Amino acid sequence: MQLGMIGLGRMGGNIVRRLLRNGHTAVVYDRDPKAVEALASEGATAASSLEDLAAKLEAPRTAWVMLPAGQITEETVTVLGGLLSADDCIIDGGNSFYQDDVRRARDLDAKGIHYVDVGTSGGVWGLERGYCMMIGGHKEAVDRVDPIFRTLAPGIGEIPRTPGRNGRDPRAEQGYIHAGPSGAGHFVKMIHNGIEYGLMQAYAEGFDILRHANAPDIPEERRFDLNLGDIAEVWRRGSVVSSWLLDLTASALAGDERLEGFSGYVEDSGEGRWTINAAIEEAVPATVLSSALYRRFRSREDESYADKLLSAMRQGFGGHKEPPRRGPAP
């Protein structure tokens with residue numbers, strides 16, 4: 001099947017590569033000509049503009065936008081909406097806000113153009129492992145593009161089958177689902193990323209406690225000098241807390257247990273914030289996910305004004321003096 005890909009970054013480029021390796025064809029465009037040239041050398045058809053890409057696609061055309069959420073995606077979808085025709089399809093595979101999907105789908109539906117939102121997980125490993133995809137849109141459009149999704153998905157692999165799934169949608173076992181109408185795909189991916197924040201924070205805090213088990217203010221007989229790399233490795237094997245995130249943690253600790261190559265400044269993609277907003281709208285308590293998001297905010301401050309104010313209040317009511325700042329932990 002033929003696909004047009006706009007955005008050839010770490011994920012967009014590898015999506016094209018996975019498709020090319022499995023018999024599909026692709027027309028590719030990116031603002032960076034070198035990214036286009038690289039994919040063209042691997043068998044894709046180069047496009048010099050969105051107009052050129054639309055002209056080189058065969059009807060009914062399918063164009064996949066793989067760009068950062070926000071203005072650049074909005075502008076690209078708008079331009080494509082003017083270039084494509086009825087029965088063509090636009091896919092947004094980035095991390096767009098699901099309410100934007102609902103609006104875009106409504107606007108494009110008036111022109112007869114299908115809009116499909118795909119929450120895509122797999123990162124830089126997707127080329128080899130495949131991509132877990134959560135898809136929203138009209139059934140007609142999703143079914144038509146199914147050969148693309150089926151190729152990109154990881155497949156059942158070595159994961160044991162879940163008992164009791166007889167008669168259910170087999171695509172879930174392959175690593176992709178049609179979650180519902182437009183917006184549903186990115187809504188599910190949004191919650192997926194919110195959960196990811198919580199899992200990452202739990203691992204981070206747990207290993208931090210292990211790392212400080214030999215702190216000087218702990219009684220000597222209860223101090224433990226623990227090998228974090230070995231702990232991460234043993235937890236990968238048979239433990240109930242095993243996961244791909246733990247695999248990545250073990251790999252990082254094996255390379256540098258002190259993690260000196262990292263600053264600890266942690267960004268957020270926006271989906272964690274949207275998840276908390278959804279929880280508020282639905283009146284669903286999300287204490288772990290909220291805490292994980294706020295901890296990311298805290299990671300960006302060397303000295304928090306709030307912490308300084310806490311010290312000022314403690315000094316005011318109890319005469320508590322600030323202890324000297326500790327240096328980096330050994």
Side-chain angles (χ1 to χ4, degrees), residues 2-16 19 26-40 44-121 123 131 133-138 141-142 145 148 181-187 189-190 193 267-274 277:
Q2 186 192 51
L3 178 75
M5 177 63 75
I6 300 102
L8 305 176
R10 288 173 296 178
M11 289 186 69
N14 281 344
I15 285 174
V16 172
L19 292 173
V27 181
V28 297
Y29 170 69
D30 192 282
R31 289 182 177 179
D32 180 2
K34 292 183 179 178
V36 176
E37 292 170 9
L39 266 298
T45 299
S48 59
S49 64
L50 291 176
E51 292 79 5
D52 188 32
L53 179 137
K56 289 179 177 176
L57 290 174
E58 301 169 1
R61 297 172 287 186
T62 300
W64 183 311
V65 180
M66 203 64 181
L67 297 168
Q71 190 63 29
I72 187 171
T73 292
E74 189 71 35
E75 291 173 356
T76 301
V77 170
T78 299
V79 172
L80 287 172
L83 294 172
L84 301 185
S85 305
D87 206 33
D88 290 342
C89 179
I90 297 174
I91 299 173
D92 178 7
N95 284 331
S96 288
F97 185 38
Y98 75 97
Q99 293 182 21
D100 291 336
D101 295 315
V102 174
R103 170 179 49 79
R104 292 173 192 155
R106 181 183 64 243
D107 294 344
L108 290 168
D109 191 56
K111 301 179 179 181
I113 299 173
H114 301 291
Y115 179 86
V116 174
D117 54 287
V118 181
T120 312
S121 181
Y131 299 90
M133 291 168 290
M134 298 135 269
I135 305 163
H138 293 311
V142 174
V145 188
I148 295 293
S182 299
H186 278 146
F187 183 84
K189 177 58 161 52
M190 177 183 77
N193 281 26
E267 280 286 8
D268 67 284
S269 64
E271 291 193 302
R273 305 184 193 207
W274 300 338
N277 288 338

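Worth knowing before you read on, the calculation uses all heavy atoms, side chains too, and leaves out hydrogens, waters and symmetry mates. Remember, it's a predicted structure, so these values are computed and weren't measured experimentally.
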Inset, instruction - Nearest 0.5 Å please: distance from the CZ atom of R103 over to the OH atom of Y115. - result: 8.5 Å
Inset, instruction - Return the orientation label for the F187 and Y98 ring planes: parallel under 30°, perpendicular over 60°, tilted otherwise. - result: perpendicular
Legend entry - Nearest non-hydrogen partners of L67 and I6, listed with the distance: CG-O, 4.0 Å
Inset, instruction - Quick one: closest heavy-atom pair of L53 and V28, and the distance? - result: CD1-C, 4.2 Å
Inset, instruction - With rounding to the nearest 0.5 Å, note down the distance linking CD1 in I113 to OG in S85. - result: 7.0 Å
Inset, instruction - For D92 and S96, test the side chains for any donor-to-acceptor distance below 3.5 angstrom and give the result as yes or no. - result: yes
Inset, instruction - Identify the two heavy atoms, one from I90 and one from L108, that lie closest to each other, and give their separation to 0.1 Å. - result: CD1-CD1, 3.9 Å
Inset, instruction - For residues T120 and M66, determine if any side-chain heavy atom of one lies less than 4.5 Å from a side-chain heavy atom of the other. - result: yes
Inset, instruction - Take atom CZ of R31 as the centre, draw a 6.0 Å sphere, and report whether it contains more than 12 heavy atoms from other residues, nucleotides or ligands. - result: no
Legend entry - Check: G94 main-chain N/O paired with K189 side-chain donor or acceptor under 3.5 Å: no
Inset, instruction - Could you please spell out the steps behind the side chain to side chain contact (heavy atoms under 4.5 Å, CB included) verdict for V116 and V145? - result: CA-CA 10 Å; V116 174; V145 188; 5.7 Å; no
Legend entry - Closest heavy-atom pair and its distance - S121, M134: CB-CE, 4.3 Å
Inset, instruction - Using modelled atom types only, decide if a donor and an acceptor are shared between the side chain of N95 and the backbone of A69 within a distance under 3.5 Å. - result: no
Inset, instruction - Go through the steps for D87 and H114 under the test side chain to side chain donor-acceptor pair (under 3.5 Å), then give the verdict. - result: CA-CA 6 Å; D87 206 33; H114 301 291; 3.3 Å; yes
Inset, instruction - Search all heavy atoms of V16 against all heavy atoms of L8 and return the closest pair with its distance. - result: CG2-CD2, 4.4 Å
Legend entry - Main-chain N/O of P68 paired to T73 side chain as donor or acceptor, under 3.5 Å: yes
Legend entry - Backbone N/O of H186 and side chain of D117: donor-acceptor pair under 3.5 Å: yes
Legend entry - Non-hydrogen atoms of K56 and T45 that approach each other most closely: CD-CG2, 4.0 Å
Legend entry - L3 and L19, any side-chain heavy atoms less than 4.5 Å apart: yes
Inset, instruction - Measure the shortest side-chain to side-chain distance between Y131 and V118 over non-hydrogen atoms and say whether it is less than 4.5 angstrom. - result: no
Inset, instruction - Check whether any side-chain heavy atom of T62 lies under 4.5 Å from a side-chain heavy atom of I148, and answer yes or no. - result: no
Inset, instruction - Run the numbers on D109 and R106 for salt bridge (charged side-chain N to carboxylate O under 4.0 Å, His left out), then give the verdict. - result: CA-CA 5 Å; D109 191 56; R106 181 183 64 243; over 6 Å; no
Inset, instruction - For the pair D101 (side chain) and G183 (backbone), establish whether a donor and an acceptor sit closer than 3.5 Å, ignoring hydrogens and angles. - result: no
Legend entry - Donor-acceptor contact present, side-chain E58 to main-chain Q2, <3.5 Å: no
